[in-house]
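Heads up, the thing below is written out as structure tokens.
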Amino acid sequence: MGKQRILSGIQPTGELHLGNYLGAIRNWVEIQQSYDSYLFMADLHAITVPHDPNVLAENSRRVAALYLACGIDLNHATIFVQSHVAAHAELAWLFMCITPLNWLEDMIQFKEKAVKQGENVGAGLLCYPVLQAADILLYEPDKVPVGEDQKQHLELTRDIAARLNYQFGSEEQPVLKLPDPMIRKEGARVMSLTDGTKKMSKSDPSDLSRINLLDTPDQIAHKIKRCKTDSPRGLWFDDADRPECNNLLTLYMILSGQTKEVVATECQDMGWGQFKPLLTETMIGALKPIQDKYHEIMDEPGYLDSVLKQGKEKAEAIANPTLAKVKKALGYLLPS
Ligand code: TYM
């Protein structure tokens, strides 16, 4: 039996931050030896909110370079740009026509982002989870490793696949395979530095709310110095009344590679004045190798383009037959 397949992606909007790294990329790296990985830059998703055409292409390259800098190994993984594989948009349309509107109106991310856009909210934002379902189902993955915030989109993906199978397949011969989400406990929801009850997000207007993977040591030190804390003496995990404390301890635990018990003991008597410099130093140390590798990759002319060209070919080899299979099930006249 061949290796199982995983599929995941990140939107190339803004800078990638610690949430993207700890919730997604780090997990891809840790399991990559055991899976065939398909990882992409979700640039079709990136225009569902107002975007700047002058930076879109470069952002896709930067995210690809960060995947590699974080340790994605091309011996196990295929990295590609979503818009390079036309099957994503085409399958999304086919899915759109079988997806009830009220399924989409229930999506939490739509509700949150729609509020921010007011009356100008685009149809793309509403239909975005359908495109995500197409992204996933095209590759027939076994698992989809993501952060906690994508859980609802993965449930919708399974619902769309099941509906299509029910309407156009049979129990013995389903058209599409239903993938399982893969959400790790630690790091699945990294919280904002300025409000421990909100997730760290690229779309937060304040850059102080997140640590970007390419932040300089000075920026990291500044953000940790300014981040929200509270007044009790001593630091401990899992206190609902201390969301910032739990978040910062968790970041320290993951980035230092220590267990929860060790960190709990080490930090139980600390005040913020002692903990913050420790966290800062750990964060800078953890990000430095990623940043060095990133700059090396970006400085090598032609390298990224060749990775992405090969990625497109490998992705199409999987995606196009799946699209053809769905079109056949829906009764389309296929080109001879
Ligand atoms: P995006 O670009 O918002 O986030 C990319 C990945 O990072 C995770 N993540 C977080 N994890 C922990 N804590 C956080 N604060 C945090 N913020 C983000 C996300 O869970 C995600 O795994 N719709 C997707 C992109 C996408 C996709 C797909 C993902 C498009 N098609 C198909 C998987 C499969 C998105 O906007 O992720």
Side-chain angles (χ1 to χ4, degrees), residues 5-29 37-49 51 59-60 62-63 66-67 70 80-83 85 87-89 91-92 95 104 107-110 112-113 124-158 160-161 179-204 209-213 243 246-247 250-251 254 315 319:
R5 188 178 294 154
I6 58 173
L7 175 289
S8 202
I10 296 186
Q11 289 195 49
T13 38
E15 299 278 341
L16 294 201
H17 51 68
L18 266 184
N20 300 128
Y21 178 55
L22 300 179
I25 307 176
R26 180 185 64 122
N27 304 330
W28 309 345
V29 172
S37 306
Y38 284 78
L39 307 170
F40 66 99
M41 282 63 73
D43 60 345
L44 295 174
H45 283 85
I47 65 165
T48 53
V49 291
H51 84 287
N59 280 348
S60 289
R62 288 164 61 115
V63 173
L66 274 172
Y67 285 0
C70 289
F80 63 99
V81 182
Q82 182 188 29
S83 65
V85 181
H88 289 245
L91 186 63
F95 284 172
L104 302 180
M107 293 291 116
I108 297 163
Q109 285 214 341
F110 170 70
E112 284 174 1
K113 290 189 183 173
L125 194 62
L126 180 71
C127 299
Y128 150 130
V130 181
L131 176 60
Q132 182 159 350
D135 299 337
I136 296 170
L137 296 170
L138 272 177
Y139 296 87
E140 305 194 303
D142 298 280
K143 306 219 169 75
V144 184
V146 284
E148 174 80 33
D149 61 344
Q150 295 301 316
K151 202 168 161 199
Q152 200 188 25
H153 290 160
L154 295 191
E155 282 159 11
L156 181 88
T157 298
R158 289 173 59 89
I160 290 176
D180 288 316
M182 190 186 219
I183 300 174
R184 232 173 118 165
K185 197 165 153 271
E186 263 110 35
R189 197 166 172 83
V190 174
M191 308 311 278
S192 156
L193 296 183
T194 47
D195 178 351
T197 63
K198 279 191 353 203
K199 71 167 186 170
M200 185 177 283
S201 159
K202 293 182 209 122
S203 58
D204 191 312
S209 68
R210 60 188 161 256
I211 301 286
N212 302 309
L213 296 186
N246 189 59
N247 188 44
T250 305
L251 291 179
I254 301 175

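We count residues from 1, following the sequence as given. Note that ligands are numbered from 1 as they come in the structure, with each ligand's atoms numbered from 1 the same way. Below, all heavy atoms of this structure are taken into account, side chains as well, without hydrogens, waters or symmetry copies.
- A distance below 6.0 Å separates the ring centres of Tyr139 and Phe80.
- With respect to Pro141, the side chain to side chain contact (heavy atoms under 4.5 Å, CB included) criterion is satisfied by exactly one of Asp180, Ile136, Asp135: Ile136.
- A salt bridge is absent between Arg210 and Asp204: the closest approach of a Lys/Arg side-chain nitrogen to an acidic carboxylate oxygen does not fall below 4.0 angstrom.
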key: From CA spacing to verdict: side-chain contact (heavy atoms from CB on, under 4.5 Å), Gln132, Gln150   = CA-CA 10 Å; Gln132 182 159 350; Gln150 295 301 316; 3.1 Å; yes
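- A distance of 10.5 Å separates CG in Asn59 from CG in Asp43, rounded to the nearest 0.5 Å.
- Every protein residue with a heavy atom nearer than 4.0 Å to ligand 1 is included here: Leu7, Ser8, Gly9, Ile10, Gln11, His17, Gly19, Asn20, Gly23, Ala24, Phe40, Ala42, His45, Tyr128, Gln132, Asp135, Ile136, Val144, Val146, Gly147, Asp149, Gln150, Gly187, Ala188, Arg189, Val190, Lys199, Met200, Lys202.
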query = Passes side-chain contact (heavy atoms from CB on, under 4.5 Å), Leu156 versus His153? Steps please.
reply = CA-CA 5 Å; Leu156 181 88; His153 290 160; 5.5 Å; no
